[in-house]
Amino acid sequence: MPKIYLLDVTNRDGVQTAKLGLSKLEKTMINIYLNEMGVFQSEFGFPTSRHESRYLQTNLELAEMGVLKPLRLGGWIRAIAGDVETAFRMVPGTRHLNLSISTSNQMINGKFQGRKKRDDIIREMTAAVDAARSLGAESIGVNAEDASRTELDFLVKFGLAAKEHGADRLRYCDTLGYDNPFTIYETIRALAENVGMPIEQHCHGDLGMAVGNSIAGAKGAIDGGQDAYINTTVNGIGERSGNADLVAVVLAVTKSKGFTEKYQLGGSVDLSKAWRIARFASYAFGVPIPMNQPGVGANAFAHESGIHADGVLKDPENYELYGFEELGRGEAEFVETGREICTGEYSGISGFSHIMGRIEVSFASREEANDILELVRYANVESQKPLVEDELLFIARYPEIARKLLTLTPLE
Ligand SMILES: [Zn+2]
């Protein structure tokens, strides 16, 4: 039976969002949390962007060390053979790629202004797939940008050409969030049946339907006999109104009426990591979690009115579909309300030792402590806010990785 896999794009769609971004260390932490949560793949960045190279390479190194395992790390680039070559030159360890090109008439005419026709799109995409294959890509997804405004016949032709050249998945991009659950189900089912390849659902929230569309699309892929790969982002952060929220997608697949009878997540997804990753992403992006956010919002398990409070006290299932413990919530949190010692780019050894002592990290020598402090300062230069415990622990545990990660010198 085909399954639903999670392919998170926080480190690609999330970070390309207007007014938002993550430091390279924060991107790394997102990968670590995704790995712990059992997400299948992280679209971890842009191999053709110079400032990403060291981050991408160090994360591939972490995968080799077993720190980022079994998570699969995939890069995103344009479906252009030249970009594929650049990607492999700049990030030689690249193994997984998604290659993107516009497929709708709107975009072909509106962006390329008559310089490209549909045949050119297919020719460029297949040349890029060939290049990726010959350079050693283990898995290739081919992205049809603006697929929801592309005629089905052309999408099928595009998908078949990709498959013939050795692509592994077709990404159906509802780039503008134009679909609804009924249309995306029909289209993705038809694609699965006619192309015979796993389909990715890449949904946006411009009409408020990103999560609903994602699971309707996944149902379409599975009913068409193919695996589904839902693209998510942590807290739904992504271009404009955002992408399908990771936690909400897991909840929708696993808790909605009758869905799991036939449509199940592949691998083992650990929902109890939801609270931690959502909180970290909120802090790192500087975007508060809305109080009514599914599962992780402040009000997701709050009850006030008489009938609700009475009902939930008698039996939580009266007013809750799932328990807060399932999402890793419920532990008391320590919030400093008095004196605070923080990390920063101008921190000194005394304050730093105090902070590390509180999280029970000790150093073999003063020299070692100074080395780690220097890395913490560099991390703060990039993030411009105090590092969280997990970041400090990461730097203390993998100082050599951190040293490369925090280096932003252009490679060429
Ligand atoms: Zn997108």
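One-based numbering, in listed order, for ligands and for the atoms of each. Just so we're clear, the structure is a prediction, and the values are computed from it rather than from any experiment.
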Inset, instruction - Without swapping roles, check the side chain of Y322 against the backbone of L327 for a donor-acceptor pair under 3.5 Å. - result: no
Legend entry - the Zn ion (ligand 1): protein N, O or S atoms [distance under 2.8 Å]: D13 OD2, H202 NE2, H204 NE2
Legend entry - Cationic N near anionic O, under 4.0 Å, K117 to D120: no
Legend entry - Side-chain donor or acceptor of R72 paired with backbone N/O of H96 under 3.5 Å: no
Inset, instruction - Answer whether the closest heavy-atom distance between the side chains of L246 and T233 falls below 4.5 Å. - result: no
Inset, instruction - Can you run down the ring-ring contact (aromatic ring centres under 6.0 Å, His included) pairs that involve residues 192-246, sequence neighbours left out, and say none if there aren't any? - result: Y5-Y229, F40-Y229, H202-H204
Inset, instruction - Check whether the side chains of Q384 and E345 place a donor and an acceptor atom closer than 3.5 Å, and report yes or no. - result: yes
